[in-house]
Number of protein chains: 2
Amino acid sequence: MREVSSQESVSAGVVDLLGVLAYGELSAFDRMAEDARTAPTLAGRAALASMAAAEIGHYTMLERHLAERGVDVEEAMAPFIGHIDDFHMSTAPKSWLESLVKAYVGDGLAADLYREVATWLDEPTKELVLAVLSDTGHSAFAEREVAQAIAADSTVRDRLALWGRRLLGEALTQAQYVVAERDGLAELIVTGTGDLSGIAGLLRRLQQKHHKRMQSLGLG
Amino acid sequence: MREVSSQESVSAGVVDLLGVLAYGELSAFDRMAEDARTAPTLAGRAALASMAAAEIGHYTMLERHLAERGVDVEEAMAPFIGHIDDFHMSTAPKSWLESLVKAYVGDGLAADLYREVATWLDEPTKELVLAVLSDTGHSAFAEREVAQAIAADSTVRDRLALWGRRLLGEALTQAQYVVAERDGLAELIVTGTGDLSGIAGLLRRLQQKHHKRMQSLGLG
């Protein structure tokens, strides 16, 4: 990535976007690291810990990008802490399988979101977002474990399917609050997606990809 | 690192050594990730989370090295879980500063230990240990924070100095149990350090380096 001066300006919308992504990564680390301790096996514990570690790698990239532009990551994250913490509180996993589905679904949703927003951004920010995106995909373990568990027990399957729906619902609820509160972010999305119906289209695409992901987990 | 066949033999002592290091890294991740949630600032939370993430990077390197030699990391770690968990239980930090000192001291002790053991090992294992070692040193934040806190309050200084001594004592206690129980590991150390007095010399060097580290923290 090229050198930039700290004077390089960055719009309020981009600061918001990188701030919400950064706190998303930091809090995902937190929750996955906590959930890792409930793993029934050391392999599971290490796998979820590795997913958590990847989130911190992403966080660090976002932090550095903001710092190079004279923006403090803590300030950028501050407006989003409440909603993201609310999301995690309302979706605290009650079992190891719920933890895995949450990690898998969260990782997938994040990747889809990064892929969408990349197209709206200036070149260096786009490079950043694509670099973060290329490091996702640590969730093969989660996929494998969940597939095995539901193959063995169809009531587990039904419960996890409901859980997946709840995760998406809670994520979209909090996302809507965030966009409603942050003008810069809303403007970035409207400009990026074309218009107000563009936002609806974005949400629809994220939902469709979520449903596909649930299907490939055997939970569709 | 060169390709190796899964038939490449690895001594019981080396399996033990890599196993104890691997579980040390995995459990350090756990504890640091948990302690990160008690951080008074987002910067502190991110800093300790980054230290935790580095441990998982080390764990992954050790796991891969063992797997290439047909050794399952879970089996290699199993004999050491009890003692390492005991260490963490007996040294659960009661404050953010205790967490930071523990992270700093633990990181430093681990680096010293890796540096010592590297000289005993066959070439590919030595390369592995040096690669892990070169990735330590994420603890500058801890050093800075602790230095600030004790500059401001000398009772904090005294309490943390005691805490540092306790950490070393508990670590050496558990280390001695481990060596006493594992013949292969004991043999590796005796061969590596020269003789039984070599073990004593190793422990002395680790203690001396610990004291130096405490001094540079202002806790000596």
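Any value given below was found using the heavy atoms of this structure, including those in side chains, with hydrogens, waters and symmetry copies removed. Naming: A, B, ... by sequence-line order, numbering from 1 per chain.
Residues of residues 22-56 of chain A having a heavy atom under 4.5 Å from any heavy atom of chain B, listed by number: A:Tyr23, A:Leu26, A:Ser27, A:Phe29, A:Asp30, A:Arg31, A:Ala33, A:Glu34, A:Arg37, A:Thr41, A:Leu42, A:Ala43, A:Arg45, A:Ala46, A:Ala49, A:Ser50, A:Ala52, A:Ala53, A:Ile56. Of residues 73-95 of chain A, those residues lying under 4.5 Å from chain B by any heavy-atom pair are A:Glu74, A:Met77, A:Ile81.
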Using atom types as modelled, flag every donor-acceptor pair under 3.5 Å from a side chain in residues 11-20 of chain A to any protein atom, sequence neighbours excluded.
{"unit_1": "A:Ser11", "atom_1": "OG", "unit_2": "A:Gly13", "atom_2": "N", "d": "3.4"}
{"unit_1": "A:Ser11", "atom_1": "OG", "unit_2": "A:Val14", "atom_2": "N", "d": "3.1"}
{"unit_1": "A:Asp16", "atom_1": "OD1", "unit_2": "A:Arg182", "atom_2": "NE", "d": "3.4"}
{"unit_1": "A:Asp16", "atom_1": "OD1", "unit_2": "A:Arg182", "atom_2": "NH2", "d": "3.0"}
{"unit_1": "A:Asp16", "atom_1": "OD2", "unit_2": "A:Arg182", "atom_2": "NE", "d": "3.0"}

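Surrounding OH of A:Tyr177 are at most 12 heavy atoms belonging to other residues, nucleotides or ligands under 6.0 Å away.
For residues 95-106 of chain B, no residue pair satisfies the salt bridge (charged side-chain N to carboxylate O under 4.0 Å, His left out) rule, not counting sequence neighbours.
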